[in-house]
Undergrad: 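Just dropping this structure here.
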Amino acid sequence: MLLVTGGAGFIGANFVLSAIAQTGEPVVNLDKLGYAGNLRNLESLRGDARHLFVRGDIGDRPLVRSLLARHRPRAIVHFAAESHVDRSIHGPAEFIQTNVVGTFSLLEEARAHWSALAGAERAGFRFLQVSTDEVYGSLGAHEAAFTESTPYAPNSPYSASKAGSDHLVRAYHHTYGLPTLTTHCSNNYGPYQFPEKLLPLMIERALAGEPLPVYGDGRNVRDWLYVLDHCTAIREVLARGRVGETYNVGGNCEMRNIDVVKLVCALLDEARPRPSGRYEELIAFVADRPGHDRRYAVDTAKIRGELGWQPAESFETGLRKTVHWYLEHRDWVSEVTSGAYRNWVEANYAVRGAA
Ligand code: NAD
Ligand code: TYD
C-alpha cells in the first residue's frame, strides 16, 4: 500500500484515483483539507476498501507515526503543499510551515520508520518528493531547458519553500540513506484543479462573462503537462527510478500565457458560444505578478531515456478534455467556489474528529 499526502488536492486526487483504478493497490490518503483539498474529488472511491482517507496535517508527527506503524506502506508519495505562487506572495508563512517544516516532520517520521524495517520491506521502501520545475528559477528566451543538474535559483516564496523541502529530501538520502526520489514537473492542468490557477480561472471567468486577467504582457512562458501524464510519470519513477535521483517531468510544450488563454477562448467559442462576440474580447491585461518568472522549460531526456516515460496527451487533446470537464462539472465548480464543500467537510468531521 501507498501513503499519499495531499491526496485530496488537484494532482494528489488524480494520482489516487488513477493509481487505484490502474493497479488496485490500496492507498492511505493523508490530507488536512485546506482550502484546495476537496473530498468531492474522491467521491467515486466512497465505500471502496482500497482507499482510507485520514484528515490530518503532515506536521502531526504522532499521527504520521501511527499511520506508518499501522499500515506499513511500501512508499510515501508526498504531494501535500501550499501550491499557489500568488498566495505565497500575499502570505508566505503558511508555505514555510507546510512545505518546509511539514516536509521536515514527514522526513523525520519516514526515517525513524524506515530505520526500523528489515529485509525486503526496508530495501523496497521509497519516499517520493513531488516537486516543481519552479525551483530552477527563470530562463531567458534562448536559454537551454532545465536539466536535473541546473542549479536551484527559486524566485518566489512558493518555489523557495519547495526548494527548501527538496534540499531536506536530498540531505536525508545523502546523510541517512533514506531511499528518496524527487520529481520536478512543469505546470499541470486537468480535472479537479482549484479555480485559482490559470486554466480553470480563465474557463470560469469566461463562462461568467468576466474579464480574463492576463498578468503583464502575457508573454511569460510555461511548459504544460496533462495531470494524468504527471501521475504516470510518478508511478514510473516510483517503480523503476534510481534511489537518490531526481527526474524532470514535462510536456515538451512551451506556451506563452496569452496563447494559452486564446486557445481556451477558442475551445469555449466552439463548445459554448457567447450570445454575441467571442470570448477573446474578454481578455484584459493587468498589473504583473511581482517577481514573475519569465520562462520555464524542462528537458525530459532523463525520464524518457531511463524509464521510457512519455506523455499520452498533447496540449491540444488535453486542453480540450479539460475544458469539457469543467463544462460538464458545474456542480463541482459551484461547490468549490461557494465554499459549500467546506461547510460539508466541517459538519462531517466535527462529529467524527480526526481519524
Ligand atoms: P493543491 O493545492 O491542489 O493540493 C495540495 C493538497 O495538499 C490539498 O489537498 C491540501 O489540503 C493538502 N495540504 C496542504 N497542506 C497540508 C498539510 N500541512 N498537511 C496535509 N495536507 C496538506 O496542489 P497541487 O497542484 O495538487 O500540487 C500538489 C503537489 O505537486 C505540490 O507539492 C506542488 O508543489 C507539486 N506540483 C504542482 C504542480 C502544478 O502545476 N499544480 C506542478 C509541479 C509540482
Ligand atoms: P499559475 O497557474 O498560477 O501557475 P505558476 O505561477 O505556478 O506557473 O500561473 C500560470 C501562469 O499564468 C503564470 O505565468 C502567471 C499567469 N497568470 C495570469 O496571467 N493570470 C492569472 O490570473 C493567473 C492566475 C496566472
Side-chain angles (χ1 to χ4, degrees), residues 4-16 29-39 41-42 54-60 63-64 77-89 94-95 97-99 101-103 105-106 129-135 138 155-156 158-159 161-163 165-166 182-190 192-202 205 211-225 227 230-231 233-234 248-250 255-258 260-261 283-289 291-296 298 345:
V4 171
T5 71
F10 162 49
I11 308 175
N14 276 287
F15 180 83
V16 169
N29 184 350
L30 173 64
D31 194 302
K32 77 170 185 186
L33 297 178
Y35 78 93
N38 182 353
L39 278 181
N41 300 351
L42 301 160
V54 178
R55 186 186 192 183
D57 198 299
I58 53 166
D60 181 343
L63 173 64
V64 170
V77 186
H78 179 34
F79 293 96
E82 291 296 330
S83 67
H84 188 39
V85 174
D86 293 318
R87 284 185 193 251
S88 82
I89 294 168
E94 273 287 298
F95 287 72
Q97 194 54 42
T98 280
N99 300 1
V101 181
T103 300
S105 298
L106 193 64
Q129 158 85 344
V130 181
S131 189
T132 162
D133 60 354
E134 303 193 23
V135 296
S138 184
N155 290 319
S156 71
Y158 162 67
S159 54
S161 66
K162 289 296 292 187
S165 63
D166 292 355
T182 299
T183 55
H184 293 284
C185 191
S186 57
N187 285 56
N188 284 214
Y189 65 98
Y192 305 114
Q193 189 168 29
F194 197 82
E196 64 185 357
K197 303 278 169 69
L198 181 71
L199 275 166
L201 183 106
M202 293 298 167
R205 291 185 69 99
L212 307 180
V214 174
Y215 297 163
D217 64 5
R219 294 186 185 169
N220 299 66
V221 171
R222 298 290 183 265
D223 176 77
W224 293 92
L225 182 70
V227 62
H230 185 190
C231 295
I234 290 170
N248 285 351
V249 184
M255 301 275 300
R256 300 186 314 176
N257 291 339
I258 185 66
V260 170
V261 175
I283 292 175
F285 290 92
V286 298
D288 209 352
R289 169 188 282 173
H292 196 177
D293 284 340
R294 193 61 174 171
R295 173 173 166 246
Y296 303 140
V298 183
V345 164

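Predicted, not measured: the structure shown is a model, and the values here were computed from it. One-based numbering, in listed order, for ligands and for the atoms of each. Sequence positions, counted from 1, serve as the residue numbers for this chain. The figures that follow rest on heavy atoms only: side chains count, while hydrogens, waters and symmetry mates do not.
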Undergrad: May I ask you to check whether Arg289 has an N/O atom sitting below 3.5 Å from an N/O atom of ligand 2?
TA: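 Indeed, backbone or side chain, Arg289 has an N or O that close.
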Undergrad: For atom 33 (C) of ligand 1, which candidate among Tyr158, Tyr192, Phe15, Tyr35 holds the nearest heavy atom?
TA: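 Heavy atom nearest to atom 33 (C) of ligand 1 belongs to Tyr158.
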Undergrad: Going by the side-chain contact (heavy atoms from CB on, under 4.5 Å) test, name the single residue among Val298, Val135, Thr132 that passes it with His184.
TA: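 It is Val135, the one option of Val298, Val135, Thr132 that forms the side-chain contact (heavy atoms from CB on, under 4.5 Å) with His184.
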Undergrad: Looking only at distances, please establish whether an N/O atom of ligand 1 is found under 3.5 Å from an N/O atom of His230.
TA: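 Between His230 and ligand 1 (N or O atoms, distance only) the closest approach is not under 3.5 Å.
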Undergrad: Any ion pair linking Lys162 and Asp133 (charged N to carboxylate O, less than 4.0 Å)?
TA: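 Between Lys162 and Asp133 there is no salt bridge, as every charged N stays at least 4.0 Å from the carboxylate O atoms.
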Undergrad: Report yes if Thr132 has an N/O atom closer than 3.5 Å to an N/O atom of ligand 1; otherwise report no.
TA: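 In fact, backbone or side chain, Thr132 has no N or O that close.
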Undergrad: Look at atom 17 (N) of ligand 2 and find which of Tyr296, Trp224, Tyr215 reaches it with the closest heavy atom.
TA: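 Looking at heavy atoms only, the winner is Tyr215.
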Undergrad: Please report which non-hydrogen protein atom sits nearest to atom 29 (C) of ligand 1, along with the residue it belongs to and the distance in Å to one decimal place.
TA: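 Residue, atom and distance for the closest contact: Phe79 O, 3.2 Å.
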Undergrad: Can you check whether Glu134 has an N/O within less than 3.5 Å of an N/O in ligand 2?
TA: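 Checking ligand 2 against Glu134, an N or O pair does fall under 3.5 Å apart.
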Undergrad: Give the ring-plane orientation class for Phe15 versus Phe79, where under 30° counts as parallel, over 60° as perpendicular and anything between as tilted.
TA: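 Tilted: the ring planes of Phe15 and Phe79 meet at 30° to 60°.
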Undergrad: Note the single closest protein heavy atom to atom 20 (N) of ligand 2, along with its residue, its atom name and the distance in Å.
TA: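 That would be Pro213 O, 2.8 Å.
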Undergrad: Check each atom of ligand 2 against the heavy atoms of Asn187 and keep those under 4.0 Å away; list them by number with element.
TA: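 The list of qualifying atoms is 4 (O), 5 (P), 8 (O), 10 (C).
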Undergrad: Any salt bridge linking Glu94 with Arg87? Criterion: basic side-chain nitrogen under 4.0 Å from a carboxylate oxygen.
TA: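 Salt bridge: no.
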Undergrad: Against ligand 1, does Ser131 come closer than 4.0 Å with any heavy atom?
TA: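 Ser131: in contact with ligand 1 (<4.0 Å).
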Undergrad: I need the nearest protein heavy-atom contact for atom 13 (C) of ligand 2: residue, atom name and distance, please.
TA: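 Looking only at protein heavy atoms, the one closest to atom 13 (C) of ligand 2 is His292 NE2, 3.5 Å.
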Undergrad: Applying side-chain hydrogen bond (donor to acceptor under 3.5 Å, both in side chains) to Tyr296 and Glu134, what does each step give before you reach the verdict?
TA: CA-CA 7 Å; Tyr296 303 140; Glu134 303 193 23; 3.2 Å; yes
Undergrad: What pair of heavy atoms forms the shortest contact from Asn14 to Cys231, and how long is it?
TA: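 The pair with the smallest heavy-atom distance is C-SG, 3.8 Å.
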Undergrad: Decide whether the shortest distance between a heavy atom of Leu33 and an atom of ligand 1 is less than 4.0 Å.
TA: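 Flag set, Leu33 near ligand 1.
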Undergrad: Taking distance alone, with no angle check, do Phe10 and ligand 1 share an N/O pair under 3.5 Å?
TA: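 Looking only at distances, the answer is yes, because the N/O contact criterion of under 3.5 Å is met.
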Undergrad: May I ask you to check whether Leu30 has an N/O atom sitting below 3.5 Å from an N/O atom of ligand 1?
TA: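 No, since none of the N or O atoms of Leu30 sits under 3.5 Å from an N or O of ligand 1.
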Undergrad: Once rounded to the nearest 0.5 Å, what's the spacing between atom CG of Asn155 and atom CZ of Arg294?
TA: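 The CZ atom of Arg294 is 13.5 Å from CG of Asn155, to the nearest 0.5 Å.
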Undergrad: I want to know if ligand 1 touches Asp31 in the polar sense, i.e. an N/O pair below 3.5 angstrom.
TA: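 So ligand 1 has an N or O lying under 3.5 Å from an N or O of Asp31.
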Undergrad: For the residue pair Ser138 and Asn220, establish whether any side-chain heavy-atom pair is separated by less than 4.5 Å.
TA: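 The answer is no, as the side chains (C-beta and beyond) never meet within the 4.5 Å cut-off.
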Undergrad: Please check if the number of heavy atoms outside Arg289 that lie under 6.0 Å from its CZ is greater than 12.
TA: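 Yes, enclosed.
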Undergrad: Is Glu196 close to ligand 2, meaning an N/O of one under 3.5 Å from an N/O of the other?
TA: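 For ligand 2, there is no N or O atom that lies under 3.5 Å from one belonging to Glu196.
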Undergrad: N/O of Glu82 under 3.5 Å from N/O of ligand 1, yes or no?
TA: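 N/O-N/O distance under 3.5 Å: no.
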Undergrad: Give the contacting part of His78 toward ligand 1: side chain, backbone, both or neither, where contact means a heavy-atom distance below 4.0 Å.
TA: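 None of His78 does.
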